[in-house]
Protein chains: 2
Amino acid sequence: MADKDSRSHNKEDSQPAVEDSRPIGVFDSGIGGLTVLKELALQFPQENFLYLGDTARLPYGSKSPHTIRRYSEQNIEFLQSQNVKAIVIACNSASTQVPEREFAGLPVYNVIGPGSQRALEVSEGLRIGVLGTRATINSQAYTKQIHSLNPHAQVFDQACPLFVPLAEEGWDSDPVTNLIVFRYLSSLMQNQIDTLILGCTHYPILKNSIARVTGSSIQLVDSGEAIADWLEEDFMAGRLLRRMNPTPRQVDVTTTDASAHFTELAHRILKPVKADDFRVVNI
Amino acid sequence: MADKDSRSHNKEDSQPAVEDSRPIGVFDSGIGGLTVLKELALQFPQENFLYLGDTARLPYGSKSPHTIRRYSEQNIEFLQSQNVKAIVIACNSASTQVPEREFAGLPVYNVIGPGSQRALEVSEGLRIGVLGTRATINSQAYTKQIHSLNPHAQVFDQACPLFVPLAEEGWDSDPVTNLIVFRYLSSLMQNQIDTLILGCTHYPILKNSIARVTGSSIQLVDSGEAIADWLEEDFMAGRLLRRMNPTPRQVDVTTTDASAHFTELAHRILKPVKADDFRVVNI
């Protein structure tokens, strides 16, 4: 009680923080991570967010592990320089190369853990499909993570290199996209999966086309939704401190390259969340 | 005559060069430029070649003019440091941002001029279609170049952002590719073009699918073939000196990122040309 009293009265003293107004940093190779930003911004309406899309060097999914790691470290360093309180890696290809839960003193959230855990929670028959970029599938990150959590689960994966350009072209719910989804998913369907991880943050943009092929009996797992649960757990446990400031929060979007096409798509993906600022940064 | 005699007898003296063994440098954002390298290597079987594919940062076609220019300059500087005798920009997106015919003292060949000239040579009705990446089409580089050569020509263009990923996925001559080609080309066909510039060095990989839609009445112009003619002209005019060495020539391929998928595709595209060396460089 004495402690509590002194804390409330001596505001000048350096006290343990009880709130943290710094933004949550979110990065991706491009626009796909905006699906994650949207989920987080909706789930945490008081939090500030700073998004970094490395659009000058996208996509990561066709690049080597070494290059993806190098670019990811540069992105984290940029966000750190902007004084964020946590890093969310809203990119599966980058997540496969940054397994750390902490980096440069900041808590780090990558999509592999949350996506794997959520898939095991919803799967009834433990037959789990994973879609991802070539880099993500080659890394076997999901397969290893799922097996470490439950060795009885069976994992079937498929690289879908055309999904990112289809999402970026804006051809969601298009007959051509349906056809390509059907092509990529046919072997997974033959393996009678009951759960499907959308292992790339671009893929929720194509969710309608994917659901049309999988039907209602296969559970789709969206990593953006799954990662929000992990942040909420850490807020509850006090590992992360919430922003308590009653003023409106700020959602800033930065990219490493300018493009009118990107800005237009970004607005579409973020809806109903509104970005307060769009700007280009050099990292 | 005295001059000629003294030249042939005093081999130790510094004489004007009559041959040049240095390689021709060729660069692209990725593997598409290999279609140009192949044409050049076949047409000039005595010449050494050094190819640079900036695979770590591909694709260029979705990037801004400023970023494309910056990356292109870095590529040219790398090739210059490798002692090349000329630079071939085997990438349309990069060509739109490097209009110079000379850079750092080296002759530079970009694909826009040769492609435009060839199109005007083969077009009978002067109704010319241009396919390209978003960056190439937005730049209007072909339209301006064609109009500067012949103001009476009519140009119809179309960005095809999915062609590069389709080529890189290896889905050439595939029903899905045919469908996407048909979608992109329909407005050009309605405009009754008689000639079609493949304004991206990836597109010759999809030539079968494109030709299936255009039929035999539309002339396809491949920039790789067109640029070889310009080099030959400069060899004839003495602006470029040929390699005269009777030893086998060398074709070296470098990339800024390693990938087994890339190497496999590269062999397929280059056939029947064989690369002597594949290696990764950091630029």
Side-chain angles (χ1 to χ4, degrees), chain A residues 29-31 53-71 74 93 133-135 137-138 159-171 174-184 186 202 255-265 280-283, chain B residues 29-31 53-71 74 93 133-135 137-138 159-171 174-184 186 202 255-265 280-283:
Chain A
S29 60
I31 58 164
D54 190 11
T55 48
R57 302 187 291 197
L58 74 78
Y60 285 6
S62 55
K63 295 182 172 49
S64 70
H66 170 77
T67 296
I68 295 173
R69 171 78 192 187
R70 189 157 58 97
Y71 289 175
Q74 289 168 0
S93 305
T133 63
R134 200 168 270 128
I137 298 305
N138 285 348
C160 311
L162 284 166
F163 278 6
V164 170
L166 282 168
E168 282 175 352
E169 180 68 324
W171 286 14
D174 185 285
V176 166
T177 304
N178 297 345
L179 203 66
I180 293 175
V181 169
F182 184 77
R183 174 87 63 95
Y184 281 136
S186 57
H202 274 86
T255 57
T256 53
D257 195 22
S259 143
H261 179 73
F262 170 87
T263 313
E264 189 197 314
L265 258 180
V280 175
V281 294
N282 219 338
I283 64 169
Chain B
S29 60
I31 58 164
D54 190 11
T55 48
R57 302 186 294 195
L58 74 78
Y60 285 6
S62 55
K63 296 183 173 48
S64 69
H66 170 77
T67 296
I68 296 172
R69 172 77 192 190
R70 187 157 59 96
Y71 290 175
Q74 289 169 358
S93 306
T133 63
R134 198 167 271 128
I137 297 306
N138 285 347
C160 310
L162 284 166
F163 278 6
V164 170
L166 282 168
E168 281 175 353
E169 179 68 323
W171 286 14
D174 185 284
V176 166
T177 303
N178 297 345
L179 202 66
I180 294 175
V181 169
F182 184 77
R183 174 88 63 97
Y184 281 136
S186 58
H202 275 86
T255 57
T256 53
D257 194 22
S259 143
H261 179 73
F262 170 87
T263 313
E264 189 197 313
L265 258 180
V280 175
V281 294
N282 218 338
I283 64 168

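Please read these numbers as outputs of a predicted model, since none were measured by experiment. Proteins come first, then strands; the chains are lettered A, B, ... in the order of their sequence lines, and each starts at number 1.
Here B/Asn138 pairs with B/Arg134 under the side chain to side chain contact (heavy atoms under 4.5 Å, CB included) rule; sequence neighbours left out. Residues passing the ring-ring contact (aromatic ring centres under 6.0 Å, His included) test with A/Phe262, sequence neighbours excluded: none.
Here A/Thr67 is the residue among A/Thr67, A/Val164, A/Thr55 with the most heavy-atom pairs under 4.5 Å with chain B. Of the residues considered (B/Val176, B/Leu179, B/Val280, B/Ile68), B/Val176 shows the highest number of contacts with chain A, using heavy-atom pairs under 4.5 Å.
With a 4.5 Å cut-off on non-hydrogen atoms, B/His261 touches chain A through its side chain but not through its backbone. Only the side chain of A/Asp174 comes within contact range of chain B, with heavy atoms under 4.5 Å apart. Residue B/Tyr60 does not touch chain A at all, counting heavy-atom pairs closer than 4.5 Å.
The shortest heavy-atom contact between A/Ser64 and B/Ala258 is CB-O, 3.4 Å. Considering every non-hydrogen atom in both A/Glu169 and B/Leu162, the closest pair reads CG-CD1, 4.3 Å. Closest non-hydrogen pair, B/Pro59 versus A/Leu58, comes out as CD-O, 3.4 Å.
Here the side chains of B/Arg70 and A/Asn282 are in contact, with some heavy-atom distance below 4.5 Å.
Around the CZ atom of B/Phe182, the shell of radius 6.0 Å holds no more than 12 heavy atoms that belong to other residues, nucleotides or ligands.
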